[in-house]
Structures are given as C-alpha cells and as structure tokens.
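Below is one structure, written out as structure tokens; the observations come after it.
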Amino acid sequence: MHDDSQSLIAKALRKEPVTRPPVWMMRQAGRYLPEYMELRRQYGFLERCYNPELAAEITLQPLRRFPFDAGIIFSDILLPLDCMGADLHFREGKGPQIDNPVRSAEDVDALTDFEPERDLPSPMEAIRLCRQRTDKPILGFAGAPFTLACYLIEGGGSKTWHHTKHFMWSQPEAFKKLMDKLAVAVGKHLQAQINAGAVAVQLFDTWAGALSREDYLEFALPAVQKVFSMVSGAPTLYFSRDTQCFLDFYPQVGADAFALDWRVDWTRAQQVLGDVPLQGNLDPIALPAPPEIIRQKVHHIIQQAGPTGHIFNLGHGCTPQTPISGVQAAIDAVLEWDWSKVG
Ligand code: 1CP
C-alpha cells in the first residue's frame, strides 16, 4: 500500500515547506457533479453511503475530474446516529430527518453503544477500496457531538435549534450524558477511519456557532476534547462555522489543525492560534464568480496564510449550484502558485 507521508497534505499538516498549498474542497463529492447526479437517480442516499463500492466510487468521482490533492470519503455525519437507534431518513426534497427525536433522559439512555467496524463498516471499507484505487490520500471525518445532538434532538435541521437549546438548559445532566455518549461514538469512529488508512480526520462542528461563549464552554467543548483525546495515529482537524468569537478557545480543543470559515481573518487567527496548521477559507459562494475574481481571491488567501502549514479549502462546502468551472478556476489558481518565486 502506498505511503501518504510525503503527500502535500501530510507535509502541510507537519508545517514542512511546500511550493504551493495542497487543495481539496469540503463537499467535493456531491450534487454539483453530473456523475454524482447520475448515481443519485439510481440509488437512495443511505444506500450510497452504506454500500462501500458506491461510497468509494463517489469519493473517487471528483478526483478523476479535478487534480485535488486528497479525497474525502463519501459518507455522512449522521450515520452513526442511525446505528445508535435514531430513525434517520433522507427524503427527496428534504434535509435529514430523525423521526424519533431525543427529548428526555430515557431517550438518551435508550441510545445504543456504537462499534464502528461492527455497526458501520462501510466508510472504513470504502477508505480501503479508495486506497487500492488511487494514490491520492483519503480523509476521514465525523460530526462533532454538539452538531450531532442538534439533529438528534431537533429531529432534523433548524434555523434556531429551539428544542436543542431547551433540552440543554432544562435537562443539563441528561444533555451532558448525551454529549458524552456521542463523544465516545465519534472518537471510535475517527480512530477506525485512521486504522483503515485515512491520512487525517476532520471533525465537523457545523452548528457550534449557534451557541454563546458560556454555553460552548460548558456544553460543547468538553465533548470535543474527549473526542480528540481518544484519537491517535494521524493528524486531526476541527471545522466549525461562525465561531470567530470562540477562536481563543481553539487551543483547548485538542485538534492538530483548524479549518476556518470565510469570515475568519488570517492575521487574527494566526495571532490567536500561533503556530498551528490552518485550512481554508474561500467563500464557496465565490465559485460562480468570473475566473479572474476567483484567482485574485485564492491568491490573496494563500499570500495571507503564508508558506507553511496551509491547506487550501473552501470556508464551507460546495453547494448544488457550484459551477464545475469555478471549482476548476480555484484549483488552477492554487496549482499555479509557487512560493519559491514569491519575493
Ligand atoms: O444527494 C443528496 O441530496 C445528498 C446531499 C448530501 C451529501 C452529498 C448529504 C445530505 N450528505 C452528503 C455527504 C457528506 N456530508 C459528506 C461527504 C463528503 C463530500 O460530499 O465531499 C460530508 C463531509 C458531509 C458532512 C455533513 N453532513 C455535515 C457537516 C458539514 C457541512 O456541510 O456543514 C452536515 C451538517 C451534514 C448533514 C447533512 N447531510 C445531508 C444534508 C443535506 C445535510 C445538511 C442539512 C442541514 O443543513 O441541516
């Protein structure tokens, strides 16, 4: 099996010199790709995730079309919840739905333990298949406990996370027990993906920005720390969205690197976080812009991030409206960068 240790992404995560940053994009597999839409017509979402052949194929699709430096395994953050007893559905035209939301201490107790290789072998199997089929490094991932709790308690997506916050404040002990259970499940899931050959793993805390500083510290941070304390053998990245006001908490999180959304200013991030690898952070909504604008924005980000410890990415995922030409223009702009020629 090939060795990923000299890949650009592994070097950037070790802060070694590179002539240009490595590039991949969150949601680089998905609805903006015609070849994904073709498979989407034939198979349901959960089937695409639970069948390792399909998951591997979808992971490889963007790597065939674009010169990305890494793939991210096709799966979803909500799958472990399905294995733990949540009645998870992806119905056409709707986001994820959980038909038996967690609303009481008894509901928390009823969630079953999660053993990744027993209950959810497909992402690990898909990582192993991808590693046989491409030399590109493959990233694993999972959802952070707070973000998973949001879907589990709410029963789906939400603008306000009303039920989640109500549960958190009215039943804090049950909420913390839930966070702990989720942290154990997620820690095991990330470790299993590393054991299967993931070059690094990313924890997605998409909804952390819904919390105040106090609530993040009390309810979300301890569970994230627990996740990262359970994981070893490959670098870890923490992505959260809309959390500029928590940047100063990041050093306590326990991740090796941080994925920034597009609102975060590089100078401030580097001042607050110091010498840690950073990933990001082009606004995904810039991808429909003219190629020259994309190029300027990409080069501005690379220049600000500096020559070591930067992985180029979007500040959040590709959307279904993302044009193929915009993805290509952003990658071209990264590939033409050469730090050895920058004075
Ligand atoms: O075809 C479809 O309609 C499915 C759309 C889709 C896709 C492509 C969903 C449903 N999940 C995924 C795959 C996925 N999800 C990946 C694989 C990598 C890739 O595509 O390149 C990853 C990393 C995720 C992670 C994920 N799922 C997050 C965290 C990251 C983020 O985007 O913020 C979240 C919040 C989810 C939940 C989820 N799954 C799917 C949707 C539409 C959503 C979000 C719903 C919402 O906004 O509440």
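Numbering of ligands and ligand atoms starts at 1, following listing order.
Those atoms of ligand 1 with a heavy atom of Phe74 less than 4.0 angstrom away are 8 (C), 13 (C). Heavy-atom contacts of Thr206 reach the following atoms of ligand 1: 29 (C), 30 (C), 31 (C), 33 (O), 35 (C) (cutoff under 4.0 Å). Of all atoms in ligand 1, numbered sequentially from 1 with element shown, those under 4.0 Å from a heavy atom of Tyr36 are 1 (O), 2 (C), 4 (C), 8 (C). Counting the atoms of ligand 1 from 1 in the order shown, those under 4.0 Å from a heavy atom of Phe90 are 10 (C), 39 (N), 40 (C). Close contacts of ligand 1 with Arg31, meaning ligand atoms under 4.0 Å from a residue heavy atom, involve 1 (O), 2 (C), 3 (O), 5 (C). Of all atoms in ligand 1, numbered sequentially from 1 with element shown, those under 4.0 Å from a heavy atom of Arg48 are 1 (O). Residue-ligand proximity, Ala29 to ligand 1, at heavy-atom distances under 4.0 Å covers atoms 19 (C), 20 (O), 21 (O). Heavy-atom contacts of Ile77 reach the following atoms of ligand 1: 25 (C), 26 (C), 27 (N), 28 (C), 34 (C), 35 (C), 36 (C) (cutoff under 4.0 Å).
Annotation: atom 31 (C) of ligand 1 to nearest protein heavy atom, His316 NE2, 3.2 Å. In this structure, atom 18 (C) of ligand 1 lies nearest to the protein heavy atom Ile72 CG2, 3.8 Å. In this structure, the protein non-hydrogen atom closest to atom 27 (N) of ligand 1 is Asp76 OD1, 3.0 Å. Counting protein heavy atoms only, atom 7 (C) of ligand 1 is closest to Phe45 CE1, 3.7 Å.
Between Asp265 and Gln244, every side-chain heavy-atom pair lies at or beyond the 4.5 Å cut-off. Within the 4.5 Å cutoff, the side chain of Ile302 has heavy atoms near those of the Phe312 side chain. Under the 4.5 Å side-chain criterion, counting only non-hydrogen atoms from C-beta, Asp256 is not in contact with Val276.
Of the candidates Gly157, Pro96, Gly95, it is Pro96 that places a heavy atom closest to atom 45 (C) of ligand 1. For atom 16 (C) of ligand 1, the nearest non-hydrogen atom from the set Cys150, Ser75, Ala55, Gly44 belongs to Ser75. When Arg27, Arg241, Arg40 are ranked by how near their heavy atoms come to atom 24 (C) of ligand 1, first place goes to Arg27. Between the choices Phe141, Tyr43, Phe204, Trp24, the shortest heavy-atom distance to atom 30 (C) of ligand 1 belongs to Phe204.
Annotation: Tyr151 places an N or O atom under 3.5 Å from an N or O atom of ligand 1; distance criterion only. Distances between N or O atoms of Trp207 and those of ligand 1 include no value under 3.5 Å.
Taking both residues in full, the closest heavy atoms of Ile58 and Ala29 are given as O-CB, 3.6 Å, listed atom of the first, atom of the second, then distance.
Under the 4.5 Å side-chain heavy-atom criterion for ILVMFWY residues, no single connected hydrophobic cluster contains both Leu190 and Met124. Connection of Met26 to Trp262 is not established within any shared hydrophobic cluster, with ILVMFWY side chains joined at heavy-atom distances below 4.5 Å, either directly or through further cluster members.
Within 6.0 Å of NZ in Lys15 there are more than 12 heavy atoms belonging to other residues, nucleotides or ligands.
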### Pair Trp266-Asn281, side-chain contact (heavy atoms from CB on, under 4.5 Å): steps then yes or no
CA-CA 9 Å; Trp266 283 88; Asn281 69 344; 3.0 Å; yes
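No donor-acceptor contact under 3.5 angstrom links the side chains of Asp338 and Thr19, judged on distance only.
Salt-bridge formation is not detected for the pair Glu38/Arg48: no Lys NZ or Arg NE/NH1/NH2 atom is positioned less than 4.0 Å from an Asp or Glu carboxylate oxygen. For Glu35 and Arg64, the salt-bridge test fails: no basic side-chain N is under 4.0 Å from an acidic carboxylate O.
Applying side-chain contact (heavy atoms from CB on, under 4.5 Å) to Pro96 and the options Asp76, Ile77, Leu78 leaves one that passes, Leu78.
Residue contacts with ligand 1 do not include Gln202, since none of its heavy atoms lies under 4.0 Å from the ligand.
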